[in-house]
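In what follows, chains carry the letters A, B, and so on, assigned in the order in which the sequence lines appear, proteins first and then strands, with residues in each chain numbered from 1. These figures come from a predicted structure and were not determined experimentally.
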Amino acid sequence: MIEQPADIPPYRYTAAMARRIELAWQDRWDVDGTFHTPNPVGPLSEGFDRVVGRPKLYVNDMFPYPSGAGLHVGHPLGFIGTDVFARYQRMNGHHVLHAMGFDAFGLPAEQYAVETGQHPRVTTEANIVNYRRQLRRLGLGHDPRRSVATADVSYYRWTQWIFREIFNSWFDADAQRGRPIDELVTDLDAGIREPGQGTNPFDRTWPELSTVERREVVNNHRLAYVSEAPVNWCPALGTVLANEEVTADGRSDRGNFPVYRRPLKQWMMRITAYADRLLADLDRLDWTESIKLMQRNWIGRSTGASVIFATDAGPGIEVFTTRPDTLFGATYMVLAPEHPLVEVLTASQWPDGVAEAWTGKVALPREAVLSYQKRASQRSEMDRQAEARTKTGVFVGSYAANPANGEQIPVFIADYVLMGYGTGAIMAVPGQDQRDWDFAEAFELPIVRTVQPPPDFTGEAFTGQGPAINSAGETLTLDGMGIVEAKAAMIDWLEQYGHGAGAVTYKLRDWLFSRQRYWGEPFPIVYGADGLPQALPEEMLPLTLPDIEDFTPKTSDDENSDPEPPLGRIADWATVRLDLGEGEQEYRRELNTMPQWAGSCWYELRYLDPTNDQSFVDKEIERYWMGPDPAKPGDTGGVDLYIGGVEHAVLHLLYSRFWHKVLFDLGHVSSEEPFRRLFNQGYVLADAFVDNRGVYVEAEQVEQRDGRFFYGDEEVRREHGKMGKSLKNSVTPDEMYADYGADTLRLYEMFTGPMDQSRPWETKAVVGSMRLLQRIWRVVVDENTGKVRTSESAVPVETSRVLHRTIAGVRDGMETLRFNIAIAKITELTNHLTTAYAQGGVPAAVAEPLVLMLAPLAPHAAEEMWSTLGHEQSLTWEAFPVPDPAYLVDETVEIPVQVNGKVRATVVVPADIDAAGMEAAARADTRVAAYLDGNTVRKVVAVPGRLINFVV
RNA sequence: GCCCCCGUAGCCCAAUGGCAGAGGCAGGCCCCUUAAAAGGGCUCCAGUGUCGGUUCGAAUCCGACCGGGGGUACCA
């Protein structure tokens, strides 16, 4: 036992007392299995009969990445919030599932291992141990049996299994769903389906193809496929990265290193096939608008038309435009410098009379084009930004025909057109597009308006609404039409005359799925003599990550260096002799590993059935916890409440939706979405201090003197930012446990604001939450004897009113995740009790509900008080207090009387008075009468029980 | 540039169309204490970023602007 200082009452609620209570209850919860949550069936089903009638509730946190630095007080904000909510809903009659695992594979864990020179498994496991200790000390009510780590073999074998399922699937665009690849082969063999567009590089039909060729065509349909395409190569990390992992200024999300575009052979996931469903189903989710918007923007669906422009050189140029109505105003074309048609379209000679601006003053088109291409490829994204929007480009020396009016228009290459979007080529309409206008001005190209701007329009390109002009041809006239009508008419015309068709494009690209790193899931893939990838059969899983001496990635600052997967260093692993049905042969293994997002794409499913070694999750268990609610038509199913930071808006939250939809299509899960309701918690912010070199100094060592801040003797500048290592302003939960206890920390974090709001951390304000616990403690426990201090006396009506109003308010705060108002209501009740019962003797009938209401927020102290009040069982499964409506209304109320909206008096009236009675009572008041005297009352607004307003 | 969120007391935040204050921190005063505070009590403090509109009535709804935060950006 920890000694209390001698002069403090021995049973006061101090940090030492809190520690004793908290450690004891944490042990007891573990021993009793208090938070064991039974499944309806399977190995974890023991005790299900106790909860069989309860509605289920699945609450989940975005699981943490166990970094070497451990937790700071910002990390558990969401974890505490979900714990409070889960504990409340359990007491409120739900059967609640809440668990916690660890996202253990991936770059940050590996970077930490590299920095400390230890094996990532060693550091990761040590970090997990530390996280578990810190989180357990917080008193979170998780089912400990369900904790998983993505780097555990028993977990990643199922990550590999799901990858295999995705590899063995294709997307049926007609049915808009993923299907097993065997069904595609059956259809192709039966001749009822042709290979999809762009999947058959051979000039022959399916029946004419060889076995190997057929395999290649099938591979081109798979949802996981290998492709050679420009990807994001980050030499400093030694790996390629997904688009979602590259920041707007062309650097790596992790580490902020430069990223280069470069064609490499890599694994991709066909997430674009699901773009429409990922977009449409956002409307069915209870997510914050801001996250939905970010996903909508990232998917970036635009509708318009694809148009083919014929060229003399042969192949037509296909463009995508959202404004087919402006086709008559297309006065030139632009290809991205990397566009494959550039070579054939580049003329051998400049046409006569070409302006110098078009040629870059170079003698031959080929030279001009090559030099521009070279320049463009060397310009990093950063340079492009820095050069603002100055338009550069070069004429390729040839022309294309505008299909609308047959005019010959020049073809340019320019870096303002990006290969990665649409077709990598545009029709330029300077009259209605500012970028094209800028280019046209720089290159003296004609500008034709095809939408009539209003008379007072003074700008350049006009993108607003207006009637079409200058848009008449032999077989089509748009003049006078509005934009919507003109678009439709143009698309009809394009389709009729074979110049194009309505089209949809997306900003979303396929997900680059392979990494040249060690610390990730190995692909369950081998390559045979034909060089084509094949999945390992299910019974060969798991494919364990081999141990390796040198796990460090090969990094470099040379953008022309090549990726080199560390797994390639183990020669006897890189090749293997297997019998995959064609006799024993030698195969090469896939040497890349999966990205860190793979494991987090499905962990919420594994919590449901963590010990299952026959399946990644039992179907019945998944249906129970995550299945769609038949009472709610259109319900997607999924986790009932998912809380995490906003930073995963287009990474984890998009990838996991995609995997979940594939699993749904293949019939493995009954829910269509992984997370039915998503809530983003705010950040914990803290003061940070910068010295005059601009370097952050340890915030903890900064002193405030006369309103200025000093680090030693040096004055420093105060800033404000997200708590973390980089700003040197972290406060650890361990410090808070030692100084105040876990319950105080929990209470403080929940009190600083509603869940979705960021809030500044202020260590000196934490004491306020401790005081509240001390005062509630004192209501229940005698500080000198440790004995119960409540009485069995009757509850006065006034106290009942305060109690039941508190219950109603606390429930409201709990339901709406505004724990701050729940705590304020509890404080109000406590204040009432300490005033009304200054000498002790609070009726137990009030103290008990008070303790129960406190329980989700400060569970250890509440358990201890509950026990002091004479209860042997944990209060975890006690019913949460329910307000008695009889006490929520007063017999009389004081209502304001307004004259012209200004409060002039108040009158006391019976609570159930009607409008007429209220008016009579108000008129009877002498002050009101004085205001009304001599005026004509034009209108009386009387809201029974709220207020009355005379309009004179 | 475009989109989203947020501006209430020195600070964090309540009040979601009806008397601007629930609660906390900080400040001030008092009590307990040899003393101290992480104890107890009392108390000071804003008219809701600005301007307009809707309404009997606006912190709340609408519009514009200012300030802060976030997302995204030659996306055709």
- What is the base-pairing partner of B:G7, counting Watson-Crick and G-U wobble geometry with both distances under 3.5 Å? B:C66
- Nearest heavy-atom contact between A:Val73 and A:Met736 is CG1-CG, 4.0 Å
- Item | Gap between atoms CD1 and P, on A:Ile826 and B:C13 respectively (whole Å) | 20 Å
- Task: Using both distances under 3.5 Å as the test, list the Watson-Crick or G-U wobble partner of B:G1, or none.
- Result: B:U72
- Item | Name of the residue among A:Phe443, A:Trp437, A:Phe309, A:Phe439 meeting ring-ring contact (aromatic ring centres under 6.0 Å, His included) with A:Tyr332 | A:Phe439
- Query: Ignoring hydrogens and geometry, is there a side-chain-to-backbone donor-acceptor pair from A:Glu318 to A:Ser306 under 3.5 Å?
  - Reply: no
- If we take the C1' atom in both B:G24 and B:C66, what is their distance in whole Å? 31 Å
- Do A:Leu278 and A:Gln295 come within less than 4.5 Å of each other through their side chains, counting heavy atoms only? no
- Does the side chain of A:Leu285 reach to within under 4.5 Å of the side chain of A:Leu678, using non-hydrogen atoms? no
- Could you check whether A:Asp756 gets within reach of a base, just the sugar-phosphate, or nothing at all, counting any heavy atom under 4.0 Å? nothing
- Does some side-chain heavy atom of A:Asn243 sit less than 4.5 Å from a side-chain heavy atom of A:Asn232? yes
- Message: Expressed as a whole number of angstroms, how long is the span from A:Leu772:CG to B:C25:C1'?
- Response: 14 Å
- P gap between B:C4 and B:C12, integer Å: 25 Å
Show each protein N/O and nucleotides 66-70 of chain B N/O combination with a separation under 3.5 Å, one pair to a line.
none

- Item | Complementary nucleotide for B:C42 - Watson-Crick or wobble, under 3.5 Å | B:G28
- Task: Say whether, by atom type as modelled, one donor and one acceptor occur between the side chain of A:Asp510 and the main chain of A:Ile271 under 3.5 angstrom.
- Result: yes
- Message: Any non-hydrogen side-chain atom of A:His832 less than 4.5 Å from a side-chain atom of A:Val842?
- Response: no
- Item | Between B:G7 and B:U50 - C1' atom distance, rounded Å | 11 Å
- Query: Counting just side-chain N and O atoms, does A:Lys507 come under 4.0 Å of either OP1 or OP2 of B:A73?
  - Reply: yes
- Query: Roughly, in whole Å, what's the span from CG in A:Asn949 to P in B:G18?
  - Reply: 13 Å
- Distance only, no hydrogens: is a donor on one side chain within 3.5 Å (strictly under) of an acceptor on the other, for A:Thr806 and A:Glu828? no
- Query: Which whole-number value in Å describes the distance from A:Asp436 CG to B:A76 P?
  - Reply: 12 Å
- Message: Rounding to an integer number of Å, can you tell me how far A:Met419 CE sits from B:C75 C1'?
- Response: 14 Å
- Nucleotide paired to B:U48 in any strand shown, Watson-Crick or G-U, under 3.5 Å: none
- Task: Please measure how far the P atom in B:G69 lies from the corresponding atom in B:C62, and state the result in whole Å.
- Result: 24 Å
- Query: Rounded to whole angstrom units, what separation is found between the CG atom of A:Asp812 and the P atom of B:G23?
  - Reply: 17 Å
- Should the ring pair A:Tyr421 and A:Phe320 be called parallel, tilted or perpendicular, given that the plane angle runs from 0 to 90° and is split at 30 and 60? perpendicular
- Any strand: nucleotide that pairs with B:U16 via Watson-Crick or wobble, under 3.5 Å: none
- Message: Is there a side-chain contact between A:Lys487 and A:Arg323 in this structure, where contact means two heavy atoms from C-beta onward sitting under 4.5 Å apart?
- Response: yes
- Query: Mind checking who B:C61 pairs with, Watson-Crick or G-U wobble, both distances under 3.5 Å?
  - Reply: B:G53
- Query: Taking the C1' atom of each, how far is B:C5 from B:G10, in whole Å?
  - Reply: 25 Å
Distances for protein N or O near nucleotides 40-42 of chain B N or O, under 3.5 Å:
residue: B:G40; atom: OP1; partner: A:Arg778; partner atom: NH1; Å: 3.3

- Touch class at under 4.0 angstrom, heavy-atom based, for A:Val767 against every strand present: sugar-phosphate
- Message: Roughly how many Å apart are B:G57 and B:A20, using the C1' atom of each and rounding to a whole number?
- Response: 14 Å
Give me the distances for all protein-to-nucleotides 2-12 of chain B N/O pairs that come in under 3.5 Å?
residue: B:C12; atom: O2'; partner: A:Thr752; partner atom: O; Å: 3.0

- Message: In the structure I gave you, are the side-chain heavy atoms of A:Asn729 and A:Leu685 within less than 4.5 Å of one another anywhere?
- Response: no
- Query: In whole Å, what separates the C1' atom of B:A26 from that of B:C44?
  - Reply: 12 Å
- Message: Quick check on RNA chain B: between A:Arg818 and A:Glu828, whose nearest nucleotide comes earlier from the 5' end?
- Response: A:Arg818
- NA contact type, A:Ser302, heavy-atom cut-off 4.0 Å: base, sugar-phosphate, or nothing? sugar-phosphate
- Item | Minimum heavy-atom distance A:Lys391-A:Asp438, with the two atoms named | CG-CB, 3.9 Å
- Regarding the side chain of A:Tyr416, the nearest nucleotide among B:A38, B:G24, B:C74 is B:C74
